[in-house]
Amino acid sequence: MELLEERILNDGNILGENILKVDNFLTHQVDYKLMKEIGQVFAHKYAEAGITKVVTIEASGIAPALYVAEALDVPMIFAKKHKNITMTEGILTAQVYSFTKQVTSTVSISGKFLDADDKVLIIDDFLANGQAAKGLIEIIKQAGSKVLGVGIVIEKSFQDGRQLLESLGVEVTSLARIKNFENGQLNFMEADA
Ligand code: G4P
């Protein structure tokens, strides 16, 4: 997605070896016009797939996921990282290990929002090692729902998230694919949409 790549080049900052800071438009301040465009691109790709739910994980997946849900005219569900006192029954959970933060957290979704007829599109802001998306796939499968794909805004292709998800038989669509950060320079490879 050219518009997204341009925005990353203009407003993204490389931190250390392998972190891209995009808090200006995606992970803190959010550009809703760009999110709306992103929503349209994913919705176009999955227009004929019969998607019934969009699933993401809090916090930064919520903005793009909501616009995908709007464009597909289906509900958006975000997995919670902290158990809420109102989540009392039928909770589906998965353990997610973050290589970046070196902690394992329990993520959860109320089972009442997913059922065996659901066809799910997972959306997330970043794909690094794929652990968050893998946890979401586990939860969706516990509900008996089908995962039809994972849509990613920014993939760091030098990490192994895509390989992990494809090894689980799930299609990955990334709007920007970062090949590497070389000498402070960001290089893209061809994106999926
Ligand atoms: P993984 O799910 O692909 O395995 O990712 P990993 O554990 O490595 O990443 C943990 C968190 O760091 C995730 O957000 C992920 O989106 C984010 N992250 C990974 N690489 C980058 C990067 O290069 N830039 C930025 N800005 N974020 C990155 P999170 O902890 O769930 O945060 P949030 O969504 O609550 O903000």
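Each residue takes its place number in the sequence, starting with 1. Here the structure is a predicted model, which means the values were calculated and not measured. Both counts, for ligands and for their atoms, begin at 1 and track the order of listing.
Contacts between K156 and ligand 1, counted as non-hydrogen atom pairs separated by less than 4.0 Å, involve the side chain only. Under 4.0 angstrom from ligand 1, the non-hydrogen atoms of N18 all belong to its backbone.
The atoms of ligand 1 that sit less than 4.0 Å from any heavy atom of D125 are 16 (O).
Using a 4.0 Å cut-off between charged nitrogen and carboxylate oxygen, D23 and K21 count as a salt-bridge pair. Look at D117 and K146 and you find no salt bridge, because none of the NZ, NE, NH1 or NH2 atoms lies under 4.0 Å from a carboxylate O. A salt bridge is defined here as a Lys NZ or Arg NE, NH1 or NH2 lying under 4.0 Å from an Asp or Glu carboxylate O, and D192 with R162 meets this definition.
Here's the thing with K21: none of its N/O atoms is less than 3.5 angstrom from an N/O atom of ligand 1. Residue contacts with ligand 1: V22 is placed with no nitrogen or oxygen under 3.5 Å of a nitrogen or oxygen of the ligand (distance criterion only). Backbone and side-chain nitrogen or oxygen atoms of N129 are examined, and one is located within less than 3.5 angstrom of a nitrogen or oxygen of ligand 1. In terms of polar-atom proximity, A128 is counted as a contact of ligand 1, with an N or O under 3.5 Å from an N or O of the ligand. Distances between N or O atoms of A133 and those of ligand 1 include no value under 3.5 Å.
Counting protein heavy atoms only, atom 8 (O) of ligand 1 is closest to T100 OG1, 2.5 Å. Protein heavy atom in closest approach to atom 2 (O) of ligand 1: A132 N, 3.0 Å.
Separation of atoms CG (N187) and CZ (R177) is listed at 14.0 Å; rounding is to 0.5 Å. In this structure, F126 CZ and I152 CD1 are separated by 10.0 Å, a value rounded to the nearest 0.5 Å.
Using a 4.0 Å threshold on non-hydrogen atoms, atom 29 (P) of ligand 1 counts as touching the protein. Within 4.0 Å of atom 17 (C) of ligand 1, not a single protein heavy atom is present.
Looking at G135, G130, G161, it is G130 that brings a heavy atom closest to atom 3 (O) of ligand 1. Across the listed options S98, S105, S60, S98 owns the non-hydrogen atom lying nearest to atom 10 (C) of ligand 1.
What you find for Q102 and Y97 is that their closest heavy atoms are CA-OH, 3.5 Å.
In this structure, L66 and E70 have side chains that are not in contact, with every pair of non-hydrogen atoms separated by 4.5 Å or more.
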List the steps, then state whether salt bridge (charged side-chain N to carboxylate O under 4.0 Å, His left out) holds for K134 with E138.
CA-CA 6 Å; K134 177 171 164 261; E138 282 168 22; 3.7 Å; yes
